[in-house]
Protein chains: 2
Amino acid sequence: MSEEDKGTEELIFEAAQTVFVQKGFDGTRMEEIARVAGINKSLLHYYYRTKEKLFNAIFKKAFSYFMPKVLSTISSDLSFDEKIKIFTATYVEVLLKNPHIPIFILNELNRNPDNAAQMIGELTGIAQNDTFGKFSALIQEEIDKGNIRSIEPEQLIVNLIGLCIFPFAARPIVQGIVFKNDKKRYNEFLEKRKTEIANFVLQSIKIEK
Amino acid sequence: MSEEDKGTEELIFEAAQTVFVQKGFDGTRMEEIARVAGINKSLLHYYYRTKEKLFNAIFKKAFSYFMPKVLSTISSDLSFDEKIKIFTATYVEVLLKNPHIPIFILNELNRNPDNAAQMIGELTGIAQNDTFGKFSALIQEEIDKGNIRSIEPEQLIVNLIGLCIFPFAARPIVQGIVFKNDKKRYNEFLEKRKTEIANFVLQSIKIEK
DNA sequence: AAAAAATTTAACCAAATGGTTAAAAAATAG
DNA sequence: CTATTTTTTAACCATTTGGTTAAATTTTTT
């Protein structure tokens, strides 16, 4: 394989990403991927033998955006407050750059949990490191130290992640119904979320006020 | 049409709901709906002429679970705190009974926003009443009265709804990764959410502490 | 320039799918 | 009982789709 092969392979990969992420596995047609990539179906199969193989490659990459290394912020030596602030801000920033990822991942995870689990298992990080376990422990420490009020660590973790992901996964609802299709206000709303989420969460759990 | 017609029509409707909600529009096969309903394809088309018509009927009903009348709690004469508590508790209860609805709605909304918007428009309530506008006004009043801290009403509304919906839409993640497939702990977690969400939110926005 | 690899073209295939049709059988209504 | 409606059966159809094949052309490597 030459260097330019990566050019074509990458071209196909990006086209596949565009189509799969927008339309899901069932809604995606191989021909459309080829069309978007500006090549033909034969070449598509020449690089990725089956739809499944291509999809799985896309899924893995998409998942790395969905559960980004941002979670490693937890293992840094920042203060708890800073960790929350940086985690949420960075997470929202990542999602602002990949706004279609959440609904894609959530849907495919739901559609074919077994295959998805397999793909996630093949990724390094996330599942292996037990990042959430560490996060739980960190929260429990803060509670024990009296820095935050008592709360089940899992509830707090799901709140944090949910507050970041939800406005993206539910964009048509939030933009359409809450903001009556005013895209500008919806985008300003998302921008503010970068700091708003940490604010909201910390106000809820901090003890001194 | 006789009375028993409704029996068969309802049978088909329920089978369609089961399949569509689990597999989405693209992933659903008409034959599977017929199989689940215990009838044959011909009879299916005899009642609902096309896949689209059947789907749209299902979508409308599902959406009424996704955005339930619970939102009318807002217009009641309860105290603000009570409104939040009852809204979140009832919403989580509704979703516990229809756990697959969120991801179904979010995905179909994303897949075909125009058709979804049309269907939502044909429903009474929700879109017409500007429930969210009223909710915003209510929140702003509470801020002006000094009962809760300053916050953009839309941020608070999205937080509330997101905290309710997210654990259902992201079940495979929450159950699989956070709770390592311990279904029992995941279900206990959801049960606690009925009160936990209001707790979390009120702690964040209440002024006296 | 020769060999190897990449790309295109186009025809082709089998399976799946949404939908139709028509005739027979069963159930229901008048 | 007769007429109507509902339901089944089964064959059928056109289209779509993922995938293959083979030959020709272009590009890259050596």
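All values below were derived from every heavy atom in this structure, side-chain atoms included, with hydrogens, water molecules and symmetry-related copies excluded. Below, read A as the first sequence line, B as the second, and so on, with proteins coming before strands; counting in each chain starts at 1. Only a predicted model underlies this, so the values are computations on that prediction, with no experimental measurement involved.
Residue pairs meeting the ring-ring contact (aromatic ring centres under 6.0 Å, His included) criterion with at least one member in residues 171-203 of chain A, sequence neighbours excluded, are A:Phe179-A:Phe189.
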inquiry  = Within the 4.0 Å limit for protein heavy atoms, which parts of nucleotides 21-27 of chain C are touched? Write it as a string from 5' to 3', B for base, S for sugar-phosphate only, - for none.
reply    = B------
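Side chain of A:Tyr46 to main chain of A:Lys41: no donor-acceptor pair is present (N/O by atom type, distance under 3.5 Å, no hydrogens or angles). A distance-only check finds a donor-acceptor pair linking the side chain of B:Lys51 to the backbone of B:Thr28 [under 3.5 Å].
With a 6.0 Å radius and a threshold of 12 heavy atoms from other residues, nucleotides or ligands, A:Lys60 has its NZ atom above the threshold. The local environment of CD in A:Glu31 is sparse, with at most 12 non-hydrogen atoms from other residues, nucleotides or ligands closer than 6.0 Å.
Considering only residues two or more places apart in sequence or on other chains, A:Lys192 meets the side chain to side chain donor-acceptor pair (under 3.5 Å) condition with B:Glu152. For A:Lys194, the side chain to side chain donor-acceptor pair (under 3.5 Å) test picks out A:Glu191, with sequence neighbours left out. A search for side chain to side chain donor-acceptor pair (under 3.5 Å) contacts involving B:Gln140 returns B:Asp144, not counting sequence neighbours.
Taking atom CD1 of residue A:Ile12 and atom C1' of nucleotide C:dA6, one finds them 11 Å apart after rounding to whole Å. Following rounding to the nearest Å, A:Lys51 (NZ) and D:dT20 (P) show an atom-to-atom distance of 14 Å. The NE2 atom of B:His45 sits 13 Å away from the C1' atom of D:dC13 (whole-angstrom rounding). Distance, B:Ile39 CD1 to D:dT9 P: 11 Å, rounded to whole Å. Between the CG atom of B:Leu43 and the P atom of C:dG19 there is a distance of 15 Å, given to the nearest Å. A:Lys41 places its NZ atom 13 Å from the P atom of D:dT16, with the value rounded to the nearest Å.
Between A:Glu108 and A:Arg111 there is a salt bridge, with a side-chain nitrogen of the basic residue lying less than 4.0 Å from a carboxylate oxygen of the acidic one.
The side chain of A:Asn40 lies closest to C:dT9 when the candidates are C:dG19, D:dT20, C:dT9.
The stretch residues 16-37 of chain A has no heavy atom under 4.0 angstrom from DNA chain C at all.
Note on B:Tyr47: a side-chain N or O is less than 4.0 Å away from OP1 or OP2 of D:dT7. Put simply, B:Tyr46 has a side-chain N or O that comes within less than 4.0 Å of OP1 or OP2 on D:dT6.
Summarising the base pairing, C:dA2 is matched to D:dT29 through a Watson-Crick or G-U wobble pair whose two defining distances lie under 3.5 Å.
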